[in-house]
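Report on the following structure.
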Number of protein chains: 2
Amino acid sequence: MDERSLSRRQRERLRHRQEILEVALDLFSERGYHNVSMEEIARKAEFSVGTLYTFFHNKEELYKAMVLEKAEEFHNTLIKSLSISGNEYKKIKTFVDSLINVFMKNLKFVRIYLTETRGIPFKLKAGLDEKIKAQYEDILRKLADIFSAGIGNNIFKRIDPYLLAVALDGITSSFLVQYLEHPDEHPFDADLILSIFFDQVYEGGLNS
Amino acid sequence: MDERSLSRRQRERLRHRQEILEVALDLFSERGYHNVSMEEIARKAEFSVGTLYTFFHNKEELYKAMVLEKAEEFHNTLIKSLSISGNEYKKIKTFVDSLINVFMKNLKFVRIYLTETRGIPFKLKAGLDEKIKAQYEDILRKLADIFSAGIGNNIFKRIDPYLLAVALDGITSSFLVQYLEHPDEHPFDADLILSIFFDQVYEGGLNS
DNA sequence: ATAAATTATGAATGATAATTCATTTATTGA
DNA sequence: TCAATAAATGAATTATCATTCATAATTTAT
């Protein structure tokens with residue numbers, strides 16, 4: 001993992017792998033798993049098909065590696081964002097901010113993410129959905145803990161905290177989808193989401 | 001369309017078509033477009049492959065017909081629900097009720113719907129996403145009109161009505177997904193959704 | 001400089017599955 | 001009862017890829 005400790009050859013090989021995954025993300029996000037061939041990935045990455053198979057056992061592994069590495073990135077960012085200090089409102093705000101941040105930085109991946117988590121996954125055997133869903137649940141639970149604490153501190157209304165987390169996530173992703181669909185008309189804005197969501201949940205008004 | 005005016009033969013043929021579409025829905029919703037073969041659809045519907053091709057030019061057409069007919073059903077139900085009379089709160093409530101109703105009655109279709117509208121559609125050439133998305137937009141706009149009227153009547157807060165519609169839809173679908181994932185733990189309940197959504201938007205409290 | 005090891009190549013192979021169509025079976029109307 | 005018409009069949013044909021592997025090119029170490 002530490003680039004420094006690798007030989008030039010190994011670093012180059014790692015870079016090639018990254019390049020392949022990059023191209024794969026581009027194509028899969030545009031057209032889905034089954035509408036992209038290994039031949040095409042190879043061509044666009046400027047390698048031969050055979051080379052792809054020196055990196056990944058098969059197409060499924062290639063896809064899985066790409067998705068898992070991206071999902072990991074998402075998950076880490078979100079988990080990190082949940083650990084900052086402050087009152088519960090601040091925590092939620094930080095979370096939504098960084099959620100929007102990773103999503104905006106990885107727009108290509110977003111549709112794949114939505115498909116795997118909420119739609120019918122491309123490759124059923126891959127068992128990717130399970131892994132990604134577990135990460136997603138993990139986030140929801142941690143969010144729920146924050147809501148729960150906020151309820152204890154009387155800054156949020158008494159509603160099942162897990163469902164609050166689900167609702168917040170729902171609003172966020174519907175705004176995200178709107179943004180994907182009409183990027184000009186609907187800026188994907190944290191404050192907007194928070195104001196719609198919090199004006200109701202936040203018992204003491206928006207300040208305090 | 002009127003079964004009454006058809007000969008027995010024609011009615012039977014129509015029924016066969018329905019049976020095929022029914023099986024197709026089952027399989028596609030379970031495993032997605034590319035992981036289901038014509039052979040399998042035929043076998044499960046107790047017809048030969050050839051017969052499928054007397055109903056539909058090709059696999060894509062079969063899939064398209066199935067999705068479009070279901071989506072039409074959804075759309076009609078929702079549109080109808082939006083035209084009932086009452087104040088704006090009542091209208092929104094009726095809408096959410098009937099949304100939940102159609103979704104619950106068509107659970108198999110829901111994942112396909114989510115995939116086509118928010119994920120990467122199975123079959124790009126089908127151009128289904130465009131049609132379904134247009135229906136979806138149509139609903140959103142009509143919902144926005146209701147919010148707009150409600151704002152005029154001072155029952156809702158002054159927030160961009162279209163975004164309110166998006167937010168409501170977001171909460172609803174995230175609850176739906178939760179239900180699909182964990183049907184026992186999370187009943188898909190209209191009042192819950194409304195109470196989370198409306199406590200914030202509804203200026204005068206929940207009654208009036 | 002050269003053998004050994006690593007990496008890359010892409011034509012050939014094999015599997016799967018969509019589609020066709022000549023033939024059979026069933027229904028209708030005369 | 002018997003053509004004529006409509007429906008249904010499924011083996012054969014094709015098309016599309018994923019995957020393999022014998023060969024070549026490149027790099028490293030002696």
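Numbers restart at 1 for each chain; the letters A, B, ... are given by sequence-line order, proteins then strands.
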For this session: Measure up the A:F28 and A:Y33 rings against each other and bin them: parallel (under 30°), tilted (30 to 60°), perpendicular (over 60°).
Result: parallel
For this session: Measure from OH on B:Y53 to P on C:dC21 and round the result to the nearest Å.
Result: 13 Å
Exercise. Using a cut-off of 4.0 Å on non-hydrogen atoms, how would the nucleic acid contact of B:T51 be classed: base, sugar-phosphate, or nothing?
Worked result: base
Seminar exercise, completed: Distance col, row A:L25:CG vs A:N106:CG, nearest 0.5 angstrom, shows 8.0 Å
Exercise. Is A:S48 near enough to C:dT9 that one of its side-chain N or O atoms lies under 4.0 angstrom from OP1 or OP2?
Worked result: yes
Exercise. Is A:H16 near enough to C:dA8 that one of its side-chain N or O atoms lies under 4.0 angstrom from OP1 or OP2?
Worked result: yes
Exercise. Within 45 degrees of the axis of the six-membered ring of A:Y136 and under 6.0 Å from its centre: does A:R141 put its NZ or CZ there?
Worked result: no
Exercise. If you pin A:L52 and B:E12 to their nearest nucleotides in DNA chain C, which one's is more 5'?
Worked result: A:L52
Exercise. Atom NE2 of B:H57 and atom P of C:dT20: how far apart are they, to the nearest Å?
Worked result: 10 Å
For this session: Between D:dT26, C:dT9, C:dA18, spot the one nearest the side chain of A:R9, thanks.
Result: D:dT26
For this session: Compare the minimum distances between each of D:dC17, D:dT19, D:dA8 and the side chain of A:S37, then state the nucleotide with the smallest one.
Result: D:dC17
Problem set entry | Under 3.5 Å side-chain donor-acceptor pair for A:R13 and A:S7 | no
For this session: May I ask you to check whether A:H186 and A:F175 place their ring centers less than 6.0 Å from one another?
Result: no
Problem set entry | A:E39 CD - C:dA11 P separation (whole Å) | 10 Å
Seminar exercise, completed: Here the distance between atom P of D:dA18 and atom NZ of A:K59, to the nearest Å, is 4 Å
Exercise. B:T54 has a side chain; which of C:dA18, D:dT19, D:dT9 sits nearest to it?
Worked result: D:dT9
For this session: For A:R17 and C:dT7, give me the distance from atom CZ to atom P, rounded to whole Å.
Result: 14 Å
Exercise. Nearest of D:dA8, C:dA11, C:dT19 to any side-chain atom of B:F55?
Worked result: D:dA8
Seminar exercise, completed: To the nearest angstrom, the CD-C1' distance between B:E40 and C:dA18 comes to 14 Å
For this session: Return the value, rounded to whole Å, for the distance between atom CD of A:E46 and atom P of C:dT9.
Result: 10 Å
Exercise. Once you round it to whole Å, what is the distance between P of C:dT20 and CZ of B:F56?
Worked result: 15 Å
For this session: Please check the phosphate of C:dA8 (OP1 and OP2 only) for any side-chain N or O of A:R13 closer than 4.0 Å.
Result: yes
